[in-house]
Amino acid sequence: MKIKFTDHLYAALLVLLVGLGVLDAFASALWVSHHFASEANPLMAALMDVDLSLFLYIKIAVTVFCGFFLWRLRRHRLAIYALIVALVVYLYIFYKHCVIAYQVFAF
């Protein structure tokens, strides 16, 4: 079954991706600041050590910039594949945040 990627579908998936990225930023800041987890990305971990708000600003700015970049390239097949791969990765990251939240609040 072949899925036709219209602008509406692509936009909806892109909004989901950016939303997951923003959610990841805030959840990472929460878990790391309360010592429930550590940041896996060494560059972002260094930013968190400098200033937590700087980490949030840069993480959200990079997420929005990448979303804008993917939107501009939406007609290219590679952009569609990149969006799908990024969504799968961020859904896994969201799952990991849910596991951490379960461990924090259930125990």
Side-chain angles (χ1 to χ4, degrees):
M1 179 170 108
K2 185 170 172 118
I3 298 174
K4 180 157 172 54
F5 272 83
T6 62
D7 281 350
H8 296 295
L9 176 61
Y10 193 85
L13 293 176
L14 195 56
V15 166
L16 176 64
L17 177 66
V18 171
L20 286 171
V22 170
L23 183 68
D24 171 50
F26 283 106
S28 295
L30 179 69
W31 303 140
V32 171
S33 66
H34 287 91
H35 306 290
F36 293 124
S38 60
E39 177 62 38
N41 183 342
L43 294 174
M44 289 294 157
L47 271 176
M48 279 184 162
D49 291 340
V50 171
D51 186 25
L52 195 57
S53 61
L54 180 64
F55 163 78
L56 286 171
Y57 290 138
I58 290 178
K59 173 85 174 179
I60 292 171
V62 167
T63 302
V64 170
F65 174 76
C66 290
F68 177 74
F69 188 69
L70 280 173
W71 176 253
R72 296 282 298 179
L73 297 174
R74 69 188 177 275
R75 301 281 182 231
H76 299 278
R77 185 178 307 273
L78 186 59
I80 294 171
Y81 293 143
L83 177 64
I84 292 169
V85 168
L87 267 174
V88 168
V89 168
Y90 265 99
L91 285 171
Y92 175 73
I93 291 170
F94 179 72
Y95 164 75
K96 296 300 280 184
H97 283 301
C98 289
V99 168
I100 293 170
Y102 175 76
Q103 291 173 347
V104 167
F105 295 117
F107 298 108

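Note that the structure is a prediction, hence the values are computed from the model and not measured. Computed over heavy atoms, backbone and side chain alike; hydrogens, waters and symmetry mates excluded.
V99 and V32 fall into different hydrophobic clusters, where Ile, Leu, Val, Met, Phe, Trp and Tyr side chains are chained together by heavy-atom contacts under 4.5 Å. Side-chain heavy atoms closer than 4.5 Å link hydrophobic residues (I, L, V, M, F, W, Y) into clusters, and following such links, possibly through other members, connects I84 to Y90. Hydrophobic cluster membership is shared by L23 and V89, with clusters built from Ile, Leu, Val, Met, Phe, Trp and Tyr side chains linked at under 4.5 angstrom. Follow the hydrophobic side-chain contacts under 4.5 Å out from L47 and you reach V64 in the same cluster. When hydrophobic clusters are built by joining Ile, Leu, Val, Met, Phe, Trp and Tyr residues whose side-chain heavy atoms come closer than 4.5 Å, directly or via intermediates, V18 is grouped together with F55.
A distance of 9.0 Å separates CG in L17 from CG in L91, rounded to the nearest 0.5 Å. We find the CG-CH2 distance between D7 and W71 to be 4.5 Å, quoted to the nearest 0.5 Å. Atom OG1 of T6 and atom CZ of R74 lie 11.0 Å apart (nearest 0.5 Å). Between the CD1 atom of I80 and the CG atom of L70 there is a distance of 10.5 Å, given to the nearest 0.5 Å. Rounded to the nearest 0.5 Å, atoms CD1 (I93) and SG (C98) are 12.0 Å apart. Here D24 contributes atom CG and M44 contributes atom CE; the two are 9.5 Å apart, rounded to the nearest 0.5 Å.
Of all heavy-atom pairs spanning K59 and G21, the tightest one is CE-O, 4.1 Å. Nearest approach of L56 to A29, heavy atoms of both residues: CD2-CB, 4.0 Å. Nearest heavy atoms, S28 versus H97: OG-CE1, 3.5 Å.
For Y10, the OH atom is densely surrounded, since the number of other residues' heavy atoms within 6.0 Å is greater than 12.
The side-chain heavy atoms of S33 and M48, taken from C-beta on, include no pair separated by under 4.5 Å. At a threshold of 4.5 Å between non-hydrogen side-chain atoms, the residues I60 and F26 count as touching. In this structure, the side chains of R72 and F69 stay at 4.5 Å or more apart for every pair of heavy atoms. Residues L87 and L16 meet the side-chain proximity criterion, which asks for heavy atoms closer than 4.5 Å.
Relative orientation of the Y95 and Y92 rings is tilted, given thresholds of 30° and 60° on the angle between their planes.
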